*Asks:* 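Here it is, the structure, as structure tokens.
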Number of protein chains: 6
Amino acid sequence: MANAFFQPVSAMELARFAGVPTFMRLPALTADDDRMDLVELGLVGIPWDGGTTNRPGARHGPRQLRDQSTMIRAMNPVTGVAPFELVNCADLGDVPPNPVDIEDTLDRVTRFYTDLMLRGIVPLTAGGDHLTTLPVLRALASDGPLGLIQFDSHTDLFDSYFGGHKYTHGTPFRRAVEEGLVDPERFVQVGIRGTAYNTEDIEWGEAQGIRIIRIEELFDRGIDDVMAEVRSIVGDAPCYCTYDIDFVDPTHAPGTGTPEIGGPNSFQAQQVIRKLEGLNLVGADLVEVSPPFDPAGGTAWLGISLMFELLCVLAQAIDARR
Amino acid sequence: MANAFFQPVSAMELARFAGVPTFMRLPALTADDDRMDLVELGLVGIPWDGGTTNRPGARHGPRQLRDQSTMIRAMNPVTGVAPFELVNCADLGDVPPNPVDIEDTLDRVTRFYTDLMLRGIVPLTAGGDHLTTLPVLRALASDGPLGLIQFDSHTDLFDSYFGGHKYTHGTPFRRAVEEGLVDPERFVQVGIRGTAYNTEDIEWGEAQGIRIIRIEELFDRGIDDVMAEVRSIVGDAPCYCTYDIDFVDPTHAPGTGTPEIGGPNSFQAQQVIRKLEGLNLVGADLVEVSPPFDPAGGTAWLGISLMFELLCVLAQAIDARR
Amino acid sequence: MANAFFQPVSAMELARFAGVPTFMRLPALTADDDRMDLVELGLVGIPWDGGTTNRPGARHGPRQLRDQSTMIRAMNPVTGVAPFELVNCADLGDVPPNPVDIEDTLDRVTRFYTDLMLRGIVPLTAGGDHLTTLPVLRALASDGPLGLIQFDSHTDLFDSYFGGHKYTHGTPFRRAVEEGLVDPERFVQVGIRGTAYNTEDIEWGEAQGIRIIRIEELFDRGIDDVMAEVRSIVGDAPCYCTYDIDFVDPTHAPGTGTPEIGGPNSFQAQQVIRKLEGLNLVGADLVEVSPPFDPAGGTAWLGISLMFELLCVLAQAIDARR
Amino acid sequence: MANAFFQPVSAMELARFAGVPTFMRLPALTADDDRMDLVELGLVGIPWDGGTTNRPGARHGPRQLRDQSTMIRAMNPVTGVAPFELVNCADLGDVPPNPVDIEDTLDRVTRFYTDLMLRGIVPLTAGGDHLTTLPVLRALASDGPLGLIQFDSHTDLFDSYFGGHKYTHGTPFRRAVEEGLVDPERFVQVGIRGTAYNTEDIEWGEAQGIRIIRIEELFDRGIDDVMAEVRSIVGDAPCYCTYDIDFVDPTHAPGTGTPEIGGPNSFQAQQVIRKLEGLNLVGADLVEVSPPFDPAGGTAWLGISLMFELLCVLAQAIDARR
Amino acid sequence: MANAFFQPVSAMELARFAGVPTFMRLPALTADDDRMDLVELGLVGIPWDGGTTNRPGARHGPRQLRDQSTMIRAMNPVTGVAPFELVNCADLGDVPPNPVDIEDTLDRVTRFYTDLMLRGIVPLTAGGDHLTTLPVLRALASDGPLGLIQFDSHTDLFDSYFGGHKYTHGTPFRRAVEEGLVDPERFVQVGIRGTAYNTEDIEWGEAQGIRIIRIEELFDRGIDDVMAEVRSIVGDAPCYCTYDIDFVDPTHAPGTGTPEIGGPNSFQAQQVIRKLEGLNLVGADLVEVSPPFDPAGGTAWLGISLMFELLCVLAQAIDARR
Amino acid sequence: MANAFFQPVSAMELARFAGVPTFMRLPALTADDDRMDLVELGLVGIPWDGGTTNRPGARHGPRQLRDQSTMIRAMNPVTGVAPFELVNCADLGDVPPNPVDIEDTLDRVTRFYTDLMLRGIVPLTAGGDHLTTLPVLRALASDGPLGLIQFDSHTDLFDSYFGGHKYTHGTPFRRAVEEGLVDPERFVQVGIRGTAYNTEDIEWGEAQGIRIIRIEELFDRGIDDVMAEVRSIVGDAPCYCTYDIDFVDPTHAPGTGTPEIGGPNSFQAQQVIRKLEGLNLVGADLVEVSPPFDPAGGTAWLGISLMFELLCVLAQAIDARR
């Protein structure tokens with residue numbers, strides 16, 4: 001049962017459009033706060049798009065996600081989970097990025113999350129572009145490679161970009177496997193689509209043992225069947241879930257840098273997360289929300305609604321590990 | 001067969017972007033017009049959002065719906081109904097709201113619709129927020145409680161708001177049941193979803209006998225099966241249909257105050273109305289279109305297209321009662 | 001003193017966002033209405049952009065101008081003119097355009113305005129692209145050439161377009177002079193600017209005796225001085241005022257087809273009209289508002305505010321001629 | 001195997017947001033280029049909306065489609081087709097339209113495409129409103145009537161408009177059948193929906209033998225079944241595919257002039273094209289993308305993604321005919 | 001000299017787009033915080049538009065103003081004032097409004113500001129519509145009527161609305177004078193313009209001794225001259241400054257409910273505030289920023305830039321009173 | 001007299017919305033084209049925002065500037081200059097940036113411009129963020145330090161960012177002075193404004209001898225007086241002009257990363273360039289146009305209109321040096 005301090009501001013006390021927007025109206029704590037020791041699940045922003053090779057803007061994601069998040073309520077109507085009652089949740093602020101230095105920012109992120117690891121806080125991250133997942137995994141995988149569930153329209157398994165550059169938002173999971181952060185046999189990608197440069201990424205990934213499920217397969221077999229396979233791939237050992245908003249069809253999520261038509265709708269986007277219930281999740285993220293391409297905020301509203309679903313399965317995982 | 005006067009302006013005479021925009025290019029009548037006696041079905045706007053606790057703007061709904069409505073043509077391509085040939089339809093203008101007084105506006109609406117009742121005019125209303133349905137029901141249910149079919153993502157069955165305020169867009173149907181305007185055994189809600197504060201609304205509603213069909217059930221069972229149940233719930237006695245645009249997925253209907261992801265698409269949004277054919281409908285409304293959140297008007301185009309579907313089933317009901 | 005019938009709907013009775021949007025909330029009359037005989041000043045829309053060679057959309061102008069016009073009130077705060085008390089004003093609807101036939105539409109417009117002429121109604125027109133002024137002048141100049149005051153960033157004095165086509169929005173005033181509708185010695189253009197193809201238009205115009213005042217001259221000499229010259233050019237004989245919204249800087253009026261930077265601001269845009277007070281105006285128009293390039297409607301709000309200024313000087317002219 | 005010259009600029013050499021935007025980053029050739037003889041498949045724009053009776057803007061379609069097209073990559077991930085390796089593709093520029101003369105523009109288009117025919121170049125066209133397909137067919141059907149597959153929400157089979165005008169975007173396929181350009185027995189329309197003026201178009205079409213498949217039938221039977229029928233209708237003889245973006249649901253494609261709710265999503269929009277594989281296609285087009293109604297470009301991104309699918313089946317057809 | 005705690009987060013430590021957005025990146029305090037005793041200048045939001053009779057949305061103002069405020073830096077480049085070094089500034093959150101009860105909200109605001117008064121905190125408020133100023137004045141004028149400087153395009157001096165309703169955003173300053181909160185002899189309005197219903201407001205105001213300066217007078221005499229008069233009107237006694245964003249031309253500030261063309265540009269909007277230096281200001285507000293009418297946030301960026309100017313003159317006033 | 005080849009496509013042959021958009025419809029040449037030897041003035045894009053510490057997006061600038069540029073005509077209406085007749089102008093494409101490597105991109109730009117220098121081509125550049133000017137100056141100043149005229153709201157004279165990073169869009173001109181590319185005694189900045197972190201930049205700049213003219217001074221003294229001083233500062237020796245679009249008021253130029261209110265309007269924005277006539281200009285650029293913050297393109301239209309003014313003074317300088 002969660003501490004009374006770690007509750008969202010009630011809409012009966014302060015209307016949803018009012019107040020300083022923290023994630024889901026939770027208390028905002030800084031690293032030196034005494035109550036940090038009580039936090040079990042931390043919502044963190046990584047406002048950074050330094051790995052973006054196409055259309056930038058994901059650095060503005062956490063701000064808009066926090067703004068929209070004040071319309072989130074307290075309970076999951078389908079699973080019945082009330083995450084804020086289950087575990088102590090807080091907004092832990094943003095990792096300070098260095099917009100003009102990729103290596104420096106990667107280090108800053110890893111240090112921030114290593115600190116969370118040491119405190120036993122499970123992170124739910126709002127990106128940022130997809131390169132932000134790499135330094136998070138570097139912190140979380142300190143005890144050995146993790147399982148990984150990736151919802152995405154791109155594999156992000158390319159080797160390099162533009163003359164050998166290794167760190168872009170098209171390469172993080174190649175790096176993660178190479179660095180031993182992710183066990184490729186327990187790594188599954190769902191939703192892959194879009195025109196291709198070539199098949200290098202797919203071939204490399206499958207050679208490592210990564211299971212790559214294209215969108216056609218998801219639609220043909222259905223969510224239940226595919227997600228059952230996903231669960232069996234990652235098994236009971238610790239795993240991480242990374243959710244690129246471009247997994248969803250760009251009509252539903254226009255505010256992103258590299259949209260690919262032909263994706264799931266918002267209902268399907270929720271359903272795949274609900275099927276993660278019971279997995280041994282040690283963290284999750286939602287990345288690539290890019291507000292300049294959707295100033296009205298519909299993409300961020302979708303994104304934070306999906307983060308709430310991730311929050312529910314994370315809270316259950318924390319509760320189950322007690 | 002409808003009177004020649006009550007026909008939409010033809011696009012062959014005046015292009016669809018031209019002319020003063022009345023609802024569906026119908027003649028606009030005021031209360032003192034001699035031809036009011038001939039009207040069988042009146043389209044009315046209630047430009048009011050005084051009950052809105054979150055994001056306002058629905059007061060601008062009727063204006064934008066009228067604007068988009070000039071692209072509506074004369075015939076339903078699926079059911080073959082030509083409503084303007086079947087019954088005399090007219091644009092009866094807007095109820096004059098009082099933007100700074102809730103009670104006064106509730107009274108104004110009820111008076112306006114009581115006058116329509118006395119004339120035997122069946123109303124099709126463009127809201128306004130969902131509180132606008134309550135004073136309409138007060139006028140229409142003068143002969144006893146009605147059946148009610150509600151398409152919505154929210155139950156709007158809460159008791160009160162912010163220190164006991166009874167009249168908001170989250171409470172109209174609690175009031176309608178308490179006031180005996182709606183028979184809870186003949187009241188069905190379809191499409192409910194979104195994060196929840198608690199389960200107070202659901203519990204109260206189910207205790208009254210209201211049938212609440214969540215979106216998951218709609219998608220699992222399919223529209224045909226669910227709508228058959230809906231029809232059996234309201235039966236042959238007089239019933240009303242209230243359609244909140246936030247029933248539809250917010251990607252299709254971003255112009256609304258309280259969007260909830262994971263809803264039906266625009267085809268499904270049409271289909272549920274077509275399944276109302278043959279019911280004993282005494283009125284209908286389409287509410288919560290909020291133009292400031294969709295200046296380009298796609299939501300209003302969807303909304304007026306759905307109002308045309310409602311118009312067709314209402315016209316059939318009027319014709320059947322002759 | 002105006003007839004009580006011809007008054008705008010009061011905002012104290014019906015809030016400004018409510019109701020079917022006629023021009024400035026005036027009564028809408030059709031040609032067969034008995035009260036047409038009482039109308040002294042008619043607001044008319046010409047929803048047509050058939051002469052547009054660049055970016056179309058002005059056909060949607062009258063609709064959006066009517067929508068924004070419901071925020072106009074009753075009195076000019078600077079000149080003190082209360083036009084609706086001074087003369088009988090009404091919304092006379094839109095001329096039905098033929099979107100796929102230029103000649104046919106030109107004829108339709110001329111017939112419509114000839115009818116107004118015969119009834120003694122002074123027209124205030126909402127375009128439409130600038131070609132719409134030509135057929136209006138054909139009707140109004142039936143008794144001889146008029147003086148013309150043109151606020152614009154382009155001369156619209158070119159001879160032809162694309163292989164000899166004579167009727168485009170770049171040529172109307174060449175035609176008007178050639179056809180004897182406008183007296184070139186009493187024709188003045190204010191605000192001309194923008195990059196040029198060549199100087200053919202300027203040279204031809206000046207050879208006819210047209211006075212062309214570039215934007216630099218307007219800013220250098222000031223509005224008072226320039227407008228005094230304008231007044232002396234047109235003199236006391238009947239004159240017409242045509243106001244292209246692209247006269248105003250595109251920051252203030254982005255919703256137009258051929259914007260040219262470096263124009264007047266909205267205060268200056270008003271001031272030039274106020275300096276027309278006392279002229280013998282027989283009509284006026286405001287053209288080239290193109291809603292697709294400004295869905296939020298700021299350009300239309302500017303446009304209708306300028307139309308109200310034109311309305312005030314027209315009402316004074318009508319009153320003076322009594 | 002395609003010539004090395006006819007390859008898109010690589011994103012590894014020039015980032016996708018950089019460079020002058022030709023269609024899919026292909027080389028742009030003009031009619032007098034020596035390499036025109038090598039071209040097998042030409043991408044052409046027809047920036048024209050002279051046939052539009054409702055909301056204009058499709059003249060801006062080719063520009064925005066080229067802009068978005070630089071995010072298209074080299075390979076179809078589902079069918080495995082790499083069109084730029086299979087045939088020599090090039091951007092052949094835009095047909096110069098005459099915005100103020102319909103007949104002249106029809107002639108210009110036919111001349112342009114007749115020249116392509118004589119060179120043996122298969123055209124993939126970006127419209128433009130749907131009237132642009134008529135002059136293309138006049139060039140392509142010089143050897144006899146073609147089969148025609150039309151994805152659309154409207155039949156475009158009306159006889160005339162506004163007093164007998166024969167050439168609008170609502171009439172091209174009536175003309176095409178009358179002129180013997182299309183064999184009505186090998187003509188199929190898919191996706192028809194929206195409110196109707198009357199049934200004149202349907203009745204005429206079916207009397208000619210045209211197969212008209214409404215959206216309800218498409219959703220009921222499923223894409224596989226319907227597309228099998230489509231294939232059997234056109235058979236092995238030469239056929240053309242015309243794809244109106246308003247076939248797709250307006251939520252996915254808001255940037256169009258005459259949207260109709262209740263259409264396919266973007267995945268279904270792709271699937272129907274993939275089912276054209278193996279047909280004897282001699283050309284295709286994608287029309288009615290109207291940028292002023294979607295400045296952010298999501299509709300154009302969808303449009304060009306669909307054009308890539310059309311490109312793949314056209315390239316296969318060319319390859320099969322070798 | 002300000003306390004080290006009350007400093008904005010530095011952009012060298014956390015990039016400006018990062019972090020939870022408090023006003024100007026200041027620390028956010030709640031009423032029970034020990035450091036409240038140290039606060040000298042409090043930034044407060046009043047997210048409420050219950051008095052709005054036209055277009056609502058100002059309830060969303062404080063949120064968007066906070067968002068844009070993270071681009072504000074530390075020093076006024078013209079006056080050289082570094083307000084955060086001069087006095088202790090903090091973000092004191094939002095007054096919790098009751099969106100469905102005007103009286104209740106008026107009371108909530110007055111209680112909130114009375115508490116600030118008792119603590120000796122000078123408030124700088126972000127509205128909300130203009131009715132929000134009334135309850136603030138009720139708290140601040142507890143020791144006697146204040147001087148008032150109002151920048152606005154409307155007088156807001158009307159008596160009532162729609163059947164006698166006394167509390168709307170068109171009436172606050174009539175009430176403030178009637179209630180003895182403002183000394184009409186020390187009350188000056190600058191920028192008044194826009195079409196008028198009648199002259200009731202002006203006549204009543206001038207009869208009380210209020211100095212009403214229309215926009216024409218401001219432009220004719222110039223800012224220096226007019227502001228010298230303003231200063232002499234309010235004199236040395238305590239005064240308050242209320243700044244309605246619709247004072248500024250709507251091209252610069254489209255995000256507001258009742259725009260009036262012909263206003264000052266953004267430079268002039270700043271200049272008038274800089275001329276308040278040295279006055280005995282006891283509070284200020286910036287009201288009527290309405291984000292739904294400017295989602296991109298330019299109006300809020302202007303608004304917060306003007307709030308920074310107000311902050312500088314308030315900080316100087318606090319410093320001068322020490 | 002310019003070569004017939006180097007002429008823009010005529011709008012009489014191809015309507016302005018048609019065709020592949022090169023800068024101002026000029027021929028596009030690549031480095032290996034034979035006609036490169038004839039080019040005297042090259043328009044080049046640098047689609048890069050790697051130095052941006054705040055809001056990214058300027059990498060998309062050249063694309064949108066090219067798009068809008070097709071509305072530019074052939075002649076300057078004020079100065080009478082017809083630049084395309086005066087010198088041979090061409091679109092030389094974009095420098096290929098490396099979005100994930102600052103140093104690499106700086107080198108790529110310098111190499112590209114060194115090649116232009118060797119060919120004797122005067123560059124007119126479309127950025128890109130303001131860091132792009134530094135590598136251009138490295139190429140152009142190979143013969144010694146240049147004079148520099150900078151229109152901007154920021155000095156961009158800071159030393160470093162975020163822990164010593166030397167290359168950002170806030171530091172280019174500190175670097176340029178340090179590297180001896182610019183003579184500080186012949187360096188003048190016009191338009192500086194906005195809140196400040198501190199006065200480090202101003203103090204360093206003035207200590208070097210840079211003349212920094214704040215916006216207040218520009219408005220007080222007037223453009224003629226200030227520009228006369230500017231001319232005397234740079235004198236007759238070779239100089240470069242860099243124009244940051246944020247010099248202009250953000251109402252006119254919202255599409256930029258770091259807007260500062262209170263700037264010049266679009267007319268003043270043009271005027272300052274016209275006053276550069278006769279200077280010994282060796283190149284110019286227009287930077288910081290960021291399309292994601294203005295999808296409708298008004299900022300780009302302003303930007304390309306200003307580039308045309310720069311083109312005219314550059315063409316005159318080239319002609320004068322012959």
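The model shown is predicted, which means the values in this text are computed figures rather than measured ones. Below, chains carry the letters A, B, ... as their sequence lines are ordered, and counting in each starts from 1.
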*Asks:* Out of C:V95, C:T22, C:I46, C:T70, which one racks up the most heavy-atom pairs below 4.5 Å with chain B?
*Replies:* C:T70
*Asks:* Given heavy-atom pairs under 4.5 angstrom as the criterion, report whether the side chain, backbone, both or neither of C:N98 touches chain B.
*Replies:*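 Contact with chain B involves no heavy atom of C:N98 at all.
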*Asks:* With only heavy atoms counted, which part of B:R59 is less than 4.5 Å from chain C, the side chain, the backbone, both or neither?
*Replies:* both
*Asks:* Can you tell me which of C:P295, C:A18, C:P96 forms the most heavy-atom pairs within a distance under 4.5 Å of chain B?
*Replies:* C:A18
*Asks:* Which heavy atom of B:F17 sits nearest to which heavy atom of C:P97, and what is that distance?
*Replies:*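 Shortest heavy-atom separation between B:F17 and C:P97 comes out as CE1-CG, 4.1 Å.
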*Asks:* Which atoms of B:P62 are under 4.5 Å from chain C, going by heavy atoms: the side chain, the backbone, both sets, or neither?
*Replies:*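 Nothing of B:P62, per the 4.5 Å heavy-atom cut-off to chain C.
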*Asks:* Would you name the heavy atoms of B:D94 and C:L14 that are closest together and state the gap between them?
*Replies:*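 Closest approach of B:D94 to C:L14, heavy atoms only: O-CD1, 4.3 Å.
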*Asks:* For B:D67, which of C:Q64, C:H60, C:R63 qualifies under side chain to side chain contact (heavy atoms under 4.5 Å, CB included)?
*Replies:*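 Filter result, single survivor: C:R63.
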*Asks:* Sort out for me which of B:P99, B:P292, B:P21 touches chain C most, counting heavy-atom pairs under 4.5 Å.
*Replies:* B:P21
